[in-house]
*Asks:* 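Below is a structure I'd like to ask you about.
Chain identifiers are assigned alphabetically (A, B, ...) following the order of the sequence lines, protein sequences preceding nucleic acid strands; residue numbering begins at 1 within each chain.
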2 protein chains.
Amino acid sequence: MSVADRRANFTKIAHRLIYEKGYKATTMRDIAQNMGCDVANIYNYTKSKESILEQSLFDTSAIFHEGIKKLMRNELTPKEKLIEIIKLHVTISYERPYQAAFLIDEWRHLSNEKLNLFLKERHQYESWIFDIFNTGIMSNDFRIIDPKIASITFLSSIRWVHNQFVNGSSPKQRIELEVHLTNCIIGGYCS
Amino acid sequence: MSVADRRANFTKIAHRLIYEKGYKATTMRDIAQNMGCDVANIYNYTKSKESILEQSLFDTSAIFHEGIKKLMRNELTPKEKLIEIIKLHVTISYERPYQAAFLIDEWRHLSNEKLNLFLKERHQYESWIFDIFNTGIMSNDFRIIDPKIASITFLSSIRWVHNQFVNGSSPKQRIELEVHLTNCIIGGYCS
DNA sequence: GATTTACATCAACAATTGTTGATGTAAAAT
DNA sequence: ATTTTACATCAACAATTGTTGATGTAAATC
């Protein structure tokens with residue numbers, strides 16, 4: 001096992017535990033036990049408990065931002081943009097289900113300054129979604145509805161996707177989920 | 001302030017804190033401070049920290065079960081049943097948003113025996129939803145889709161509703177949300 | 001009026017928490 | 001061959017945790 005492998009293994013174990021028990025309920029001793037080593041040894045892999053959460057959150061947040069920025073530049077219709085965003089969420093949730101979950105369940109355990117930064121990033125992401133609905137409603141691509149409610153419900157219906165992938169899901173299931181979500185969105189929002 | 005009022009006040013404060021910070025991160029001293037009294041005094045209102053969570057979870061779970069049992073007895077079409085379930089979730093989430101949130105976010109902090117009981121209740125609830133989709137797909141009321149995926153996505157899209165009500169929402173917003181959810185469901189699942 | 005119930009404070013407990021320092025060894029890089 | 005990096009253990013810390021017992025007072029019930 002290489003150095004990189006061992007570090008990856010630590011991260012994987014830590015993320016799995018935090019996912020299963022929650023950040024607060026996961027102790028450094030829990031992680032150590034699951035790695036088969038002493039508590040103090042954990043600090044060879046991470047600076048602190050919070051930095052585990054911190055890195056995961058901001059890494060994954062950045063991936064979401066990259067994805068949405070790319071598709072916002074393209075000349076897609078509002079409907080096509082929503083479909084691309086669904087794909088983005090499914091892909092990330094498939095590739096890193098634990099970390100996708102942290103973005104929803106564990107961000108509040110960040111310390112104050114990091115928390116503010118995180119909330120700022122999240123708000124920006126939500127604004128992009130809002131804009132898509134706002135534009136799409138004005139242009140008659142979507143049904144007439146409060147764009148705020150629409151963007152919130154849209155986000156909510158794709159936020160939970162990671163749950164389907166935490167126990168290992170087949171590529172086929174992934175496609176089926178993506179298709180279904182796309183159908184629901186089109187059926188629910190589009191005119 | 002009557003005795004009942006004071007107990008209700010304690011419950012309200014405790015629930016708000018647990019909602020905001022999470023069960024593990026909320027200490028008995030936090031609750032005491034927000035009540036303006038000493039820590040030990042809290043134990044005049046509750047047997048233990050866990051019993052606060054326990055009571056909330058099983059109380060609210062019972063309300064959901066009552067609601068769904070009643071509508072399953074009625075001779076409704078699958079589509080009408082879904083609409084009634086949406087109403088049920090919106091109503092409960094409107095009346096007790098914190099407790100609705102605990103059903104999703106905090107149940108895992110129950111101790112072993114209570115946890116098993118809770119999971120059993122939840123599984124039963126999910127089975128009812130599954131049955132509705134299974135029936136509705138066979139009868140051509142719904143589009144052709146894996147009933148398991150359908151029931152999971154359906155539940156996911158109504159699970160978050162409490163978020164809209166935690167900071168006090170107007171009756172008008174409540175109606176608008178209910179209408180929108182109904183439209184999305186009909187558009188997304190029905191043929 | 002006497003008694004029970006509800007509410008309050010203080011001090012203290014045992015357990016658990018994240019983290020550090022001292023110390024050592026095996027592997028990698030120079 | 002030497003030095004640095006990575007990994008490991010042990011003991012201990014200060015702080016925080018849920019909870020209890022002793023003790024007292026005000027309010028409600030009888």
*Asks:* Between Y45(A) and R29(A), who's closer to the 5' end of DNA chain D by nearest nucleotide?
*Replies:*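 Looking at the nearest nucleotide for each, Y45(A) comes out on the 5' side.
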*Asks:* M35(B) has an atom CE; how far is it from atom P of dA8(C), in whole Å?
*Replies:*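 Atom-to-atom, M35(B) to dA8(C), this comes out as 7 Å.
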*Asks:* Tell me the interatomic distance from N9(A), atom CG, to dA6(D), atom C1', rounded to whole angstroms.
*Replies:*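 One finds 15 Å between C1' of dA6(D) and CG of N9(A), rounded.
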*Asks:* If I take atom CD1 in residue I42(A) and atom P in nucleotide dG18(C), what distance separates them, rounded to the nearest angstrom?
*Replies:*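 Value for this atom pair: 11 Å.
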*Asks:* At 4.0 Å (heavy atoms only), tell me whether S51(A) reaches a base, stays on the sugar-phosphate, or touches nothing.
*Replies:* nothing
*Asks:* Could you say whether D30(A) or A40(A) is positioned toward the 5' end of DNA chain C, judged by the nucleotide with the nearest heavy atom to each?
*Replies:*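 Between the two, 5'-proximity favours D30(A).
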*Asks:* Between dT9(D), dC10(C), dT19(D), which nucleotide gets closest to the side-chain atoms of K49(B)?
*Replies:* dT19(D)
*Asks:* What verdict does the side chain to side chain donor-acceptor pair (under 3.5 Å) test give for S61(A) and R122(A), after you've listed the backbone C-alpha separation in whole Å, the side-chain angles of each residue and the deciding distance to 0.1 Å?
*Replies:* CA-CA 8 Å; S61(A) 172; R122(A) 191 178 72 167; over 6 Å; no
*Asks:* Rounded to whole Å, how long is the line connecting atom CD1 of I31(A) with atom P of dT19(C)?
*Replies:*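 Answer to the nearest Å: 10 Å.
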*Asks:* Sort out the partner of dT23(D) for me: Watson-Crick or G-U wobble, both distances under 3.5 Å, none otherwise.
*Replies:* dA8(C)
*Asks:* Less than 6.0 angstrom separating the ring centers of Y94(A) and H162(A), yes or no?
*Replies:* no
*Asks:* Using whole Å, what does the distance between atom C1' of nucleotide dG18(D) and atom CD1 of I52(B) come to?
*Replies:*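 Roughly 11 Å, once rounded to whole Å.
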*Asks:* Among dG18(C), dT19(D), dG18(D), which nucleotide sits nearest the side chain of T27(B)?
*Replies:* dG18(D)
*Asks:* If you only use heavy atoms from C-beta on, which nucleotide in dC10(C), dT20(C), dT20(D) is closest to the side chain of D38(B)?
*Replies:*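 That would be dC10(C).
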*Asks:* Can you figure out which of dT19(C), dA8(C), dG21(C) approaches the side chain of N44(B) most closely?
*Replies:* dA8(C)
*Asks:* W160(A) and H89(A): aromatic ring centres closer than 6.0 Å?
*Replies:*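 No, ring centres 6.0 Å or more apart.
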*Asks:* Please determine if a side-chain N or O atom of N41(B) lies less than 4.0 Å away from the OP1 or OP2 oxygen of dA8(C).
*Replies:*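 Answer is yes, contact under 4.0 Å.
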*Asks:* So what does T46(A) hit on the nucleic acid, given a heavy-atom distance under 4.0 Å: a base, only sugar-phosphate, or nothing?
*Replies:* nothing
*Asks:* What about the rings of F133(A) and Y189(A), do their centers lie closer together than 6.0 Å?
*Replies:*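 When the ring centroids of F133(A) and Y189(A) are compared, they turn out to be within the sub-6.0 Å range.
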*Asks:* The side chain of R6(A) is closest to which nucleotide in this list: dT9(C), dG21(C), dC7(D)?
*Replies:* dC7(D)
*Asks:* Output the rounded distance in Å from OH (Y43(B)) to C1' (dT5(C)).
*Replies:*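 Spelled out: OH on Y43(B) to C1' on dT5(C) is 21 Å.
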*Asks:* Write down the distance between OH (Y23(A)) and P (dT17(C)), rounded to a whole number of angstrom.
*Replies:* 13 Å
*Asks:* Hey, can you pull the donor-acceptor pairs under 3.5 Å for the side chains in residues 68-78 of chain A, sequence neighbours left out?
*Replies:*
from, atom 1, to, atom 2, distance (Å)
T77(A), OG1, E80(A), N, 3.1
T77(A), OG1, E80(A), OE1, 3.3

*Asks:* Whole Å only: how far is the CZ atom of F10(B) from the C1' atom of dC7(C)?
*Replies:*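 Between C1' of dC7(C) and CZ of F10(B): 13 Å.
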